[in-house]
Structure formats: structure tokens, C-alpha cells
There are 2 protein chains.
Amino acid sequence: MLTERQLLILKAIIDDYVCHAEPVGSRSVSKREDMNFSPATIRNEMADLEELGFLEKPHSSAGRIPSQKGYRYFVDHMLSPTMLTKNEVADIRLMYEEQFVEFEKLIQQSAKILSSLTSYTSIVLGPELFESTLKQIQLVPISKDSAVAIIVTDTGHVENQTVTVPGGFDVREIEKIVNILNDKLQGVPLIHLRHKLSTEIRKVLSKYVDQYDQTMEMLNQMFRQSHNEKVFYAGKTNILTQPEFNDVNRVRDLFNIFEEDQLISKHFRSEQHGMKIKIGEENEFAPFDDCSIITATYSIDGKHLGTVGVLGPTRMEYQRVVGVLDFFSKDLTKVLTKRYQNNN
Amino acid sequence: MLTERQLLILKAIIDDYVCHAEPVGSRSVSKREDMNFSPATIRNEMADLEELGFLEKPHSSAGRIPSQKGYRYFVDHMLSPTMLTKNEVADIRLMYEEQFVEFEKLIQQSAKILSSLTSYTSIVLGPELFESTLKQIQLVPISKDSAVAIIVTDTGHVENQTVTVPGGFDVREIEKIVNILNDKLQGVPLIHLRHKLSTEIRKVLSKYVDQYDQTMEMLNQMFRQSHNEKVFYAGKTNILTQPEFNDVNRVRDLFNIFEEDQLISKHFRSEQHGMKIKIGEENEFAPFDDCSIITATYSIDGKHLGTVGVLGPTRMEYQRVVGVLDFFSKDLTKVLTKRYQNNN
DNA sequence: TTTAGCACTCGGTCCAAGTGAGTGCTAACA
DNA sequence: TGTTAGCACTCACTTGGACCGAGTGCTAAA
């Protein structure tokens with residue numbers, strides 16, 4: 001519904017504003033190479049674009065800035081993602097080089113690379129464990145009445161949890177229980193562990209184990225932990241170089257949210273595969289009103305695992321970030337799949 | 001060397017400045033309850049205190065503010081730590097209630113409590129592993145050529161590391177190796193693991209294991225990890241409410257340091273037991289120039305473990321923070337010792 | 001339909017005057 | 001001799017007016 005020329009002008013204004021963070025006047029638009037109209041003509045078009053809601057004016061004698069709707073239109077209809085350079089691809093590949101670095105470290109590294117490639121803040125959600133299945137359980141006695149329960153998943157993720165060991169249990173007894181657990185629970189999705197425990201395991205244990213009640217108590221402790229996905233940040237301070245965050249109060253509001261991993265994780269988690277772009281107030285939290293968030297998902301062998309995301313000002317280099325995230329998420333998926341597809 | 005009256009005035013000025021963050025004038029000092037001198041007299045004393053280096057003037061017609069030396073004198077000679085209220089002690093105790101929460105969670109909680117008690121930023125260093133000893137090693141196969149190595153310490157700390165498994169190893173072979181490791185390495189301080197590996201273990205393995213070279217390669221991967229202590233922060237944004245951090249550039253400099261756990265850990269780590277106060281430029285890093293850092297240590301059974309610390313502006317409530325940290329670190333030590341003293 | 005011209009708007013900067021909190025110094029007082 | 005009242009002085013901060021300039025909207029001509 002926009003004319004060719006309007007598109008051209010809208011794009012020019014967004015380009016300029018993204019780069020300089022200052023209202024763009026008709027004169028400076030007219031000076032662009034590909035722009036063959038006088039400032040007056042452009043002023044007319046700008047007035048129209050403003051009426052349509054794609055631009056706004058900070059005050060009557062200033063230039064125009066893109067509105068949220070303007071960015072949205074740009075993203076939906078005019079976005080051509082920037083390709084990565086060879087060097088950038090090489091930088092990413094370098095990360096995978098240390099071949100058997102732990103999963104968590106890899107994810108953490110991912111966050112660092114994303115923030116350095118985009119110069120925004122990156123937020124990466126660790127594997128969502130509810131799709132992972134149990135590989136093995138271990139119980140290591142620590143003191144006379146406590147032990148560390150260790151749960152390993154098929155993706156190599158390790159969780160541990162201190163539990164109280166009922167008095168009078170000896171090593172053999174514990175071994176027996178652990179064997180039963182491993183026998184019955186291997187391959188069970190973590191999210192079903194508690195349910196299995198209170199049904200099947202319950203029955204088996206009541207047959208073979210002496211101190212049934214205390215044992216169940218211990219196992220409940222073991223699986224009590226809610227398997228929260230971890231949140232990794234990198235380049236948190238990048239956002240502070242943006243002029244829209246010159247006000248410390250805003251910074252505080254934003255960083256307060258960063259301290260709530262739970263909130264962030266909920267907000268970033270993406271159910272369906274693929275890229276998602278949330279602009280300004282499309283985000284749930286008020287401190288994100290001047291921010292845009294772009295997320296993509298990564299998976300192993302088609303199994304949805306987690307989310308990689310970049311947070312920047314609404315005045316963000318969308319093409320660049322979309323380009324980076326698209327490449328990166330797919331590449332990460334490829335690497336992870338290759339590494340973990342041979343399960344069992 | 002300071003007169004009674006000078007002490008009184010110095011303390012009054014520090015009190016006032018800590019509270020209001022603005023230069024303190026002679027008039028407002030003279031109005032305090034316990035102050036029976038006219039502004040003129042106080043002005044004379046203030047001039048003397050300035051000459052001695054305990055006070056400074058932002059400009060000629062402003063009141064005085066305490067200098068770094070002033071704070072130092074106050075801390076060294078006039079500090080009477082505030083006791084915690086019953087409610088505050090109760091809050092702390094509440095934290096220990098969930099009795100067998102993991103060690104790491106406990107430490108993380110500690111950071112939260114400290115920051116909420118002081119309204120400053122708290123930084124807590126997790127256990128310094130070099131004093132921990134090995135409790136048990138586990139090796140869990142994940143895919144056909146990789147496994148997760150899990151290391152449990154006597155303090156219930158768990159580390160894990162993905163390793164490449166030499167082709168052709170079967171479960172029994174791995175079990176044998178793990179058994180040898182556990183047999184030879186139990187009780188060995190983590191810091192000596194690598195050394196032991198390249199001496200004793202080497203010999204034993206060459207006798208009992210088939211694919212010696214590949215096995216050594218795997219074990220090297222296993223112990224490659226440098227056992228860095230983790231750093232936990234809480235209330236990072238508290239510092240942003242302080243007027244000295246109204247400037248975003250300062251905030252950025254400070255938060256940049258927060259992103260470098262390594263640096264922080266080095267700077268906060270305390271070799272000897274007890275409380276340490278670093279005021280302003282006594283800190284190593286320029287972004288801390290307007291900050292003071294107070295740290296205390298916690299231990300298990302006399303064995304030095306880690307550090308709890310609070311970071312605030314130089315204009316900090318020293319008495320309060322020292323009171324809180326003193327109580328907290330001792331209490332934490334007590335609880336941890338009680339929980340883990342029964343090792344074997 | 002496009003453009004040149006022109007009056008107008010309005011935030012930002014500069015400057016001068018005024019304000020007030022605070023100081024240092026001096027002289028008088030107890 | 002130590003303390004205090006008084007007074008001139010300093011200086012950051014606020015206020016308001018003048019000015020500047022980037023940018024606009026409108027109108028009329030090309």
C-alpha cells in the first residue's frame with residue numbers, strides 16, 4: 001500500500017536514525033545518493049508517512065523518527081538480512097574448535113560471540129530440560145547423613161542435588177536403590193521423573209527396600225528440583241553505550257529484569273522453531289519499551305532445545321542481527337546435532 | 001592525635017555525608033543535638049581537619065566532605081559495628097531452613113541476603129576448590145565417543161567435564177579405569193590431581209590398561225579444567241541508586257568489571273581469615289575509586305573456603321556493613337561446619 | 001506533480017543577573 | 001585564651017531573555 005518512493009524514504013529514515021540516533025530531516029534524506037527529489041517533495045511524503053503512522057516527530061521543528069509501526073513494517077516487508085563475512089564465520093567456527101568443551105560452556109561462549117558480533121546484549125537460554133531424558137543417576141555419600149545425587153541427561157547435562165540419607169543405610173543399600181532407579185528410569189524424560197517415582201518406582205521399592213518411607217523421602221528430595229533452564233548473558237554493558245540508556249533510572253529498570261532469570265527465561269523462551277522479532281512495546285515488560293528483542297531457536301536432531309537472542313534498542317540494526325542470528329542458530333544446531341546424535 | 005572535639009565533628013560530618021551525599025556545612029553540624037558549639041567554632045575545626053587531610057572541599061563556597069583518609073581514620077579508630085536486630089538474624093536463619101539445599105544455592109542465597117540487608121551490592125566467592133579434596137569420580141557415557149566425567153569433592157561440590165572416549169572402550173574397561181582412579185585419588189586435594197595423574201596413576205595404568213595412550217589423553221581432558229571458584233552477585237542494581245553512579249559511563253566501567261569473574265575473584269579473594277576494608281583508591285581498579293569494598297571469609301571446620309563481600313560507594317555505612325558481614329560470615333561458617341564436619 | 005521560497009516553530013546555547021549556602025577573617029566577648 | 005557574632009566574599013545554581021539554526025508547513029510558480 002506504500003508507494004515505491006515512500007518505501008525508499010521510510011528505509012532511508014530508518015537507516016539514518018539507526019545509525020545516528022537523531023531525528024532525520026528532509027534535507028539530509030534528499031542528499032542520499034539514490035534520492036532524486038528535493039527536500040520539499042520529501043517533506044510532503046514524510047507528512048504522509050506520519051499520517052499513516054510510520055513516522056513520528058519529537059517536536060514540531062525536529063526531523064522525523066521511525067515509529068514502532070514503522071519498524072514493524074520495515075521488518076515485515078523490507079528486511080534483507082546481512083550475510084556474515086568470511087571472517088565472522090571463521091570466528092564462530094573457532095568457538096567449536098575446543099572440541100569437547102562442556103555443553104554449558106559452549107552455550108556461554110555462544111552468548112559472548114553473539115554480543116561481540118552484534119555489539120548488543122545477548123541472552124541465551126540453556127537447554128530446556130523438559131525434553132531431555134535421563135541417562136544415569138549417581139548417589140555419592142558426602143557425610144554420614146548426606147549425599148550428592150547426580151543426574152546426567154542424554155544431552156550430557158549434569159544436575160546435582162544434596163539429599164539427606166536415612167540413618168543406617170550402608171553403601172550396599174544405596175547401590176541397590178540406585179540400580180533400581182537406573183533400571184527403571186533410563187530414557188524417561190526429566191519432566192516425568194516425579195510422576196514415575198510416585199507410581200512405578202514406589203511399587204518396586206516397597207518390594208525390595210527395607211526402610212521404605214525414608215527412602216521415598218530421600219528420592220523426593222532428589223527430584224524436588226525444578227529443572228529451570230539456565231540463562232546466560234553477554235555484553236550486558238553494550239546496551240549502556242546506546243544514547244537511549246543515558247538515564248541511569250532506565251538502566252536500573254532494565255538491569256533489575258536481568259537479575260530475574262525466571263522472568264527473562266519465560267519471556268525469551270520460544271515454543272515454535274524459528275526467528276521471532278519483538279519491537280518496543282510488543283515486549284511484555286515496560287523497561288523493554290525502548291528495546292527490540294530478536295530470538296532464534298537451536299535444537300539437537302530436530303528436538304527443540306533452547307533459544308538464542310539479542311537485545312538492543314528499538315533503533316536496532318535489524319538486518320544485521322537477523323542475519324547473524326539466522327546463521328548462528330542454524331550453525332549451532334548443526335554442530336550440536338552432529339555431536340550428540342549418536343545417543344546410545 | 002585528634003582532639004575530642006575534632007573526633008566529634010569528623011564523625012558528625014561522615015554521618016551526615018553518608019546519609020545525604022551532600023557537602024556538610026558548619027551550620028548543619030552545629031545544629032546536631034550533641035554539638036554545643038557555634039558554626040564559627042566548627043568552621044575553625046573544619047579548617048584544621050582539612051589541613052590534616054581528613055576533609056576536603058568540592059569548591060570554596062561549599063561544605064566539607066570526608067576525604068579517603070577521613071574514612072580510613074574513621075574506620076580504624078572510631079568504628080563501632082552495628083548489631084543486627086532479631087528480625088534480621090531471623091531472616092538469615094530462614095535461609096538455612098531448607099536444610100539440604102545444595103551448597104551452591106546456599107552461597108547464592110547468601111549473596112541475596114547480604115545485598116538486601118545492606119542495600120549495597122554483594123559479591124560472594126564460592127568455595128576455593130584448591131583446598132577441597134576428591135571424594136569420587138564418575139564417568140557416564142553419553143554418545144559412542146563421548147562421556148561426562150563427574151568429580152565430587154568432600155564438600156559436596158560437583159564438577160563435570162565432557163571428554164572424548166577412545167574408540168573401542170566398552171563399559172567394563174571404563175569401569176576398571178574409574179575404579180583405579182577412585183582407589184588412588186580419593187582424598188587427594190584437587191589442586192594435586194594433575195600432578196598425581198602424571199606420576200602415580202600413569203604407572204598403575206600402564207600395567208592394567210590396554211589402550212594406554214588414549215586413556216591418558218582422556219584423563220588429561222578430564223582434569224584439564226582449572227578449578228575456578230564461582231562468583232555470585234546480588235543487588236548489582238543497588239549501586240545504581242547511589243548518586244555517585246548517576247553517570248552512565250561510570251556504571252559501564254563498573255559493570256564491565258563485573259563481567260570479568262576472573263578479575264573480581266582475584267581482587268576479592270582473601271588469603272587470611274577475617275574482615276578486610278578497602279576504601280576508594282585502595283582498590284586496584286579505577287572504576288572502584290569511588291567505592292569501598294568490605295570482605296569477610298567463611299570456612300568449614302577451620303578450613304578456609306571462600307569470601308563474602310559488600311561493595312558500596314566510599315560514602316558507605318561502614319558500621320552497618322561491618323556489623324552485618326561479621327555476623328554473617330561467622331554464622332555461615334558455623335552452619336557449614338556443622339553440616340560438613342562429619343566427613344568420613 | 002515537483003520544487004523554490006518564505007514565514008514560523010521550537011529546542012539548544014549563551015549570557016547576565018540574582019540567590020543562597022557556605023566560607024574565612026576579624027574583632028569583641030566571657 | 002578559647003569562643004562567637006558579624007561581615008565581606010565566593011561560587012554553584014537558577015532564571016529568563018536573546019539568539020541561532022535545523023527543520024517544518026504552506027503557497028505559488030515551474
Side-chain angles (χ1 to χ4, degrees), chain A residues 2-10 12-17 19-67 70 243-244 246-247, chain B residues 1-10 12-17 19-67 70 243-244 246-247 315:
Chain A
L2 292 188
T3 67
E4 199 68 23
R5 192 164 71 188
Q6 283 174 325
L7 288 178
L8 192 66
I9 291 175
L10 179 57
I13 291 175
I14 290 180
D15 265 15
D16 195 292
Y17 186 64
C19 179
H20 301 105
E22 262 165 33
V24 187
S26 53
R27 211 178 99 92
S28 73
V29 172
S30 80
K31 274 191 182 160
R32 299 191 140 232
E33 274 197 0
D34 51 351
M35 199 66 66
N36 301 311
F37 312 95
S38 76
T41 311
I42 291 171
R43 278 207 290 283
N44 283 327
E45 295 287 23
M46 281 160 86
D48 288 349
L49 283 168
E50 187 181 349
E51 226 161 74
L52 291 167
F54 296 116
L55 296 179
E56 31 192 58
K57 268 191 296 196
H59 58 86
S60 76
S61 71
R64 302 298 207 294
I65 60 174
S67 68
E244 28 275 272
N246 251 334
D247 177 15
Chain B
M1 81 219 208
L2 291 188
T3 67
E4 199 68 23
R5 192 164 70 188
Q6 283 172 324
L7 288 178
L8 193 65
I9 291 174
L10 179 57
I13 290 175
I14 290 180
D15 266 16
D16 194 292
Y17 186 64
C19 179
H20 301 105
E22 262 163 33
V24 186
S26 54
R27 211 177 97 92
S28 72
V29 171
S30 81
K31 274 191 181 158
R32 298 191 142 233
E33 273 197 0
D34 52 351
M35 200 65 69
N36 301 311
F37 311 97
S38 76
T41 310
I42 291 172
R43 277 205 290 283
N44 284 327
E45 294 287 23
M46 280 160 86
D48 288 349
L49 283 169
E50 187 181 349
E51 225 161 77
L52 291 167
F54 296 116
L55 296 179
E56 30 192 58
K57 266 191 295 197
H59 59 84
S60 76
S61 71
R64 301 301 207 293
I65 61 174
S67 68
E244 29 274 273
N246 251 336
D247 178 16
R315 187 182 56 72

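In what follows, chains carry the letters A, B, and so on, assigned in the order in which the sequence lines appear, proteins first and then strands, with residues in each chain numbered from 1.
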Notebook entry, point to check: CZ of B/R27: more than 12 outside heavy atoms within 6.0 angstrom?
Noted result: no

Check: Atom CD1 of A/I9 and atom P of D/dT24: how far apart are they, to the nearest Å?
Finding: 11 Å

Just the atom pairs and distances: protein N or O near nucleotides 27-30 of chain C's N or O, under 3.5 Å.
none

Next item on the list: List the steps, then state whether salt bridge (charged side-chain N to carboxylate O under 4.0 Å, His left out) holds for A/E56 with A/R64.
Entry: CA-CA 5 Å; A/E56 31 192 58; A/R64 302 298 207 294; over 6 Å; no

Margin query: Could you check whether any side-chain N or O of A/S67 sits under 3.5 Å from a backbone N or O of A/F54, counting only pairs where one atom can act as donor and the other as acceptor?
Written below: yes

Margin query: Just the rounded figure in Å: distance from P of C/dG22 to NE2 of B/H20.
Written below: 12 Å

Margin query: Using a strict heavy-atom distance below 4.0 Å, which residues from residues 30-43 of chain A are in contact with DNA chain D?
Written below: A/R43

Margin query: With a 4.0 Å limit, can you tell me whether B/R27 has a side-chain N or O closer than that to the phosphate oxygens OP1/OP2 of C/dG20?
Written below: no

Next item on the list: Using atom CG of B/N44 as one end and atom C1' of C/dG24 as the other, report the distance to the nearest whole Å.
Entry: 9 Å

Next item on the list: Write down the distance between CZ (B/R5) and C1' (D/dG2), rounded to a whole number of angstrom.
Entry: 8 Å

Notebook entry, point to check: Distance from A/D16 atom CG to A/S28 atom OG, nearest 0.5 Å?
Noted result: 5.0 Å

Next item on the list: Indicate yes or no: does A/R5 engage A/E45 in a salt bridge with an N to O separation below 4.0 Å.
Entry: yes

Notebook entry, point to check: Got a sec: does the CD of B/E22 have more than 12 other heavy atoms crowding it under 6.0 Å?
Noted result: no

Margin query: I'd like to know if the side chain of B/S30 reaches the main chain of B/S38, judged simply by a donor and an acceptor atom lying under 3.5 Å from each other, with no hydrogens or angles considered.
Written below: no

Checklist line | Within residues 47-65 of chain A: residues closer than 4.0 Å to DNA chain D (heavy atoms) | finding: A/K57, A/S60, A/S61, A/A62, A/G63, A/R64

Notebook entry, point to check: What's the CD-C1' distance between B/E45 and C/dT23, to the nearest Å?
Noted result: 16 Å

